[in-house]
Amino acid sequence: MIDDPDAISGSDRRHYVDCKDCQARHSRMADDARTVATLLAAPELKVDVASAFKQVQLAPAAKPRFGFGLPILRPASRTMLAGLGAAAVMVALVVTAFANILPLFQPKTVAPVAITVADVQSLQALGDYGTLTWSVNPKPQIVLTADEAKQISGLNVPKVGKLPTGVSSNITYAAMPKAVAVFTFDAKKAEAAAAKTGKALPKLPAGVDGAKLTVTVGPAVIEVFGNLSSKNPNSQDTSGSSSSNANSGPSDINLPQLVVAESTAPLVTSTQVTAKQLENYILSMPGISPQLAASLRAIGDPSTTLLIPVPIQYATSSKVTVQGVPGVALGDNTGAGAGVIWIKNGKVFAVAGFLKQSEVLKIANGLK
Amino acid sequence: MSSRGPLDLDAARETRARIVTSREEAFETLFKNEYARVAGIANRVLADPHEAEDVAQEVFINFHRLHSASAQFAPAWLHRAAAHTALNRLRGRKRREKRELAQAPEEAARTVDPQRMLEVNEDRRLVRAALARMASKPASVLVLRASGLSYAEVAQALGVGTGQIGTLLRRAEAALRKEVTRGTSI
């Protein structure tokens, strides 16, 4: 009625003429609208679209959002998946360091930890402090049906209830059986790595040199919703026919709209070394910021908490309840994407997509 | 199984080049159609044309990295991202206040009535501070509507039904007024 005075029907208009309450409410609303229109006045904006477009074209070449390509788009790149597996192991290793009850660590809940790019670089350097070997190699596979994914992983593939409007019901599955990695601390390698940062390495506690951490990750299964295309216009097509590409438009190349993942919670065992020793040692390494160390120490009950690193420049996090257990909700800074991670019955679950957080939470709560 | 000759490979390369070109063309068309509006939304939030254009370009670059320009949801995505990105910047209070302190004398010098200009700047600062304190959804409804989007366009950008916009807008207007009053009475 305020934005469009003609929208009101004849009978409503007759009622309005006689109703003092409605007139007063309308007057209040109209007053609010006028005030807000004045309040939100902005300085005049003159845009030069052509030069703005040139500016945008000068921006660095498109890169995948999180710095690595989604392996699902390139099923052939197994090395990438193995790399991601190794990264997951490194995260688990860091997590292990904060467990009070070694030799066993098995997370039962999740908690966010704010990290910066510099912290990530420092944590990546931890890989140089010893030797990582796989005793059971990660063997991820891309499959087309839930049954195949179940056969490979042994996990019941989570079923999504009602999909939000706009999300494709096409599902691609990735499944991985259990993988086991062993990380052996090596005092000499650690010294050499620390020397690169130009800072002296803190004294290695007795027993850490040669200590072995055995990390079990997976099995895991990932469901990717979206009309993905394996056709990549930038890659050399040496096998398929060119006619199939001729019919495909740019919209064929899409990112996943929704990803649902389930994995057995990582399990870590260790020899020779206690969690406290490891925690103190890692936190005193050069490159670990005091802020990160403080926030890691502040986590309650670390022996059963899976830490979710949140890059503070790019994402936000909040604590939520999912399926009756505590979880961490993540969002990117533009509000365009959201995700949630939680642990229930020894399994880590994650739901993420280019959706609103409320939609992601609804899907997470509806998972069966 | 037939082997592929050089002509086939050339045709494949041409097809790929066409796809890349059509992607770029679609993006350029989208940019030309939506840039002024996206920058307008950001300007409505930030009340700063330079920073608004900065936000608009950031939003387009992000969109281009993530999505195809021919996607149906493209305008709605851009409008929403413009509002959210600008609101996020607005919430970086320290930086904003610092900039305004530097900018106020400069703007005041350009105007006929420096006193009046200072008052306008102060009003804008208070309103934007109130906007930054509001929840994202009502703040977005206000700025998108104030930027000239129709009820249907606001609804698409926020992923809600068009029928809800009237109510959301009225509540948001009342909330902003209250926030501004709260900010000035302290």
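Proteins get letters first, then strands, A, B, ... in listed order; numbering begins at 1 in each. Everything numeric here is computed off the predicted structure, so don't read it as measured data.
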Rounded at 0.5 Å granularity, tell me how far [atom1] in [X] sits from [atom2] in [Y].
X: A/Arg34; Y: B/Glu173; atom1: CZ; atom2: CD; answer: 11.0 Å
X: B/Leu126; Y: A/Leu39; atom1: CG; atom2: CG; answer: 10.0 Å
X: A/Leu45; Y: B/Arg44; atom1: CG; atom2: CZ; answer: 9.5 Å
X: A/Gln57; Y: B/Phe60; atom1: CD; atom2: CZ; answer: 13.0 Å

Let me know if [X] has heavy atoms under 4.5 Å from chain A in its side chain, its backbone, both or neither.
X: B/Ala36; answer: both
X: B/Leu158; answer: backbone
X: B/Glu53; answer: side chain
X: B/Glu28; answer: both

Where the side chain of B/Asn43 meets the backbone of A/Glu44, is there a donor-acceptor pair that is under 3.5 Å apart? no
Quick one: does [X]'s side chain get under 4.5 Å of [Y]'s, heavy atoms only?
X: B/Lys32; Y: A/Phe53; result: no
X: A/Val56; Y: B/Tyr35; result: no
X: B/Leu176; Y: A/Asp32; result: no

Do you know which of A/Ala41, A/Ala52, A/Ala42 has the most heavy-atom pairs under 4.5 Å to chain B? A/Ala52
Comparing A/Gln55, A/Arg28, A/Glu359, A/Lys46 against chain B, the one with the most heavy-atom pairs below 4.5 Å turns out to be A/Gln55
